[in-house]
Amino acid sequence: MPKTIMEFCEINSFTDQLIAWQRKQGRHHLPWQINRTAYRVWLSEVMLQQTQVSTVIERYQVFLKKFPTVKALASASIDDVLSEWSGMGYYTRARNLHRCAQVVVTEYQGVFPSDPKLLETLPGIGRSTAAAIAVFAYGQSAAILDGNVKRVLARVWGIQDDLSKNAAVNQLWAHAETLLPHAPEDLVSYTQGLMDFGATCCTQNKPACISQGSITCPFEDVCLAKRFDLIKHIPLKVKKVKVSTVNIDWWVLQYKDKLLLEKRPHQGIWAGLWSFPESIDLPKSAKQLERQVIKHVLTHRVLNIRPIQVTLQRPLTKIPANCEWIELADLKNLGLPTPVRLFLKNLDLIHDDA
DNA sequence: ATCCCGAAGT
DNA sequence: ACTTCGGGAT
């Protein structure tokens, strides 16, 4: 019989070994790891929720330069924020980021609270992000549990439950709490270690223990998933959402040096971003040019987009709701969904210089 | 259940 | 070139 969960917990070797691993093998020079203010930690955490480290490194620096403080972000317009967020997806989070900044300024005098429970009340900050800010910026003791951490804990302790179920996740939260180091000076290394270990060693598809790389996992001899050859089966994913196909048209109306764009509603796909109108009344004389259908894949939906290009000789008599004529030169300052940006780039109507 | 993109896999 | 999949908050 292998060493049991209890033994492994009691000797607390997971926590100690992870801290040691972090100090030797972890990442120490990411932009948000130096000068860990709450604002910088928060921004990096929100970006990292949806985007890989390599991409965030770039976007984080640009964003910080544009909005150096929580006050600067709070007083910016939402369109400026969305424009800066453009291409990163999950635009509701950019709106939450903006709202959160405003709450911090008006309710907390521009200083993020240090209590994880208070942090959690802020827009876009859930339990895990609240804990990360509390640990990194304020040295508080709190447990994180993001996708990486779930995977690591589930594997090391051989948890085969369906992690899409609340019951299983609640167990993991409780477990994560018990693993926290007791010495305050260890909290940052431990928490960062949890993130780094999941991101670089105990990865989803090619974890170190089953790859031939140079990295070796410090938990190989105690990890239950490894012992029972369950690495490929943990974490268990049961989710099976059926994906629907949606066909839409993009009416690409050009008049002189202007394009007709529609500002999308604050809820739903591409919230608050500018896209092409999907239905329109046209003068009969206008000549239509159908472009190649664009396939765009989302979590639970596949969009088949049929762009129809129309070059107008006269302006429209009536501008449709939520639409505006946008100068080609102004396109780069707008929040555009990625397929719109790509399409415009293909037509050579927009250039990517920052 | 919904929301976007890009890295990784085939 | 194509498809699949990971990532938290609401």
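Atoms considered below: every heavy atom in the structure, side chains included; atoms not considered: hydrogens, waters and symmetry mates. Each chain gets a letter, A, B and so on, in the order its sequence line appears, and its residues count up from 1.
- Across all strands, A:Thr129 comes closer than 4.0 Å only to sugar-phosphate atoms, never to a base (heavy-atom distances).
- Computed from coordinates, the A:Lys295 NZ to C:dC2 P distance equals 8 Å when rounded to whole Å.
- If you check every strand for non-hydrogen atoms under 4.0 Å, A:Ile269 touches sugar and phosphate atoms only.
- When each of A:Tyr90 and A:Leu122 is assigned the nucleotide of DNA chain C with its nearest heavy atom, A:Tyr90 is the one assigned upstream, toward the 5' end.
- Residue-to-nucleotide proximity on DNA chain B shows that, of A:Ser86 and A:Asn205, the 5′-proximal contact is made by A:Ser86.
- Remark: A:Glu177 engages A:Arg127 in a salt bridge, criterion side-chain N to carboxylate O under 4.0 Å.
- Atom P of nucleotide C:dA9 and atom CD of A:Glu120 are separated by 8 Å, given to the nearest angstrom.
- When the side-chain nitrogen and oxygen atoms of A:Gln49 are compared with OP1 and OP2 of C:dA9, one or more of them lie within a distance under 4.0 Å.
- At whole-Å resolution of the value, CG in A:Leu298 and P in C:dC5 are 16 Å apart.
- A sub-4.0 Å separation between OP1 or OP2 of B:dC4 and a side-chain N or O of A:His296 is absent.
- A:Thr338 comes within contact range of the sugar-phosphate backbone alone, with a heavy-atom separation under 4.0 Å but no base atom that close.
- Atom-to-atom, CD of A:Gln50 to P of B:dT2 comes out at 19 Å; the value is rounded to the nearest Å.
- Residue A:Ser128 places its side chain closer to C:dA9 than to any other of B:dC4, C:dA9, C:dG7.
- Out of B:dA7, C:dG7, B:dC5, the shortest distance to the side chain of A:Asn148 is found at C:dG7.
- Taking the six-membered ring for Trp, A:Trp157 and A:Phe14 have ring centres closer than 6.0 Å.
- Residue contacts shown for A:Val297 include a base, since a base heavy atom lies under 4.0 Å away.
- Among residues two or more places apart in sequence or in another chain, the salt bridge (Lys or Arg N to Asp or Glu O under 4.0 Å) test is passed with A:Glu185 by none.
- Contact annotation: A:Arg127 does not reach the phosphate of C:dA9 (side-chain N/O to OP1 or OP2, under 4.0 Å).
- The hydrophobic cluster containing A:Val152 also contains A:Val149, counting ILVMFWY residues as joined when their side-chain heavy atoms lie under 4.5 angstrom apart, directly or transitively.
- Regarding A:Gln204, its CD atom lies at a distance of 21 Å from the P atom of B:dG6, rounded to whole Å.
- Protein atom NZ of A:Lys206 is 16 Å distant from nucleotide atom P of C:dC5, rounded to whole Å.
- If you check every strand for non-hydrogen atoms under 4.0 Å, A:Arg95 touches nothing.
- In this structure, A:Asp79 pairs ionically with A:Lys263, as a charged nitrogen and a carboxylate oxygen lie closer than 4.0 Å.
- The ring pair (Phe, Tyr, Trp, His ring centres under 6.0 Å) check on A:Tyr39 picks up A:Trp42, with sequence neighbours excluded.
- Between A:Arg59 atom CZ and B:dC4 atom C1' the separation is 12 Å, expressed in whole Å.
- Between A:Arg151 and C:dG7, a side-chain N or O to OP1/OP2 separation shorter than 4.0 Å is present.
- Residue contacts for A:Pro339: at a heavy-atom cut-off of 4.0 Å it reaches the sugar-phosphate backbone alone, with no base atom in range.
- Atom P of nucleotide B:dT2 and atom CH2 of A:Trp270 are separated by 16 Å, given to the nearest angstrom.
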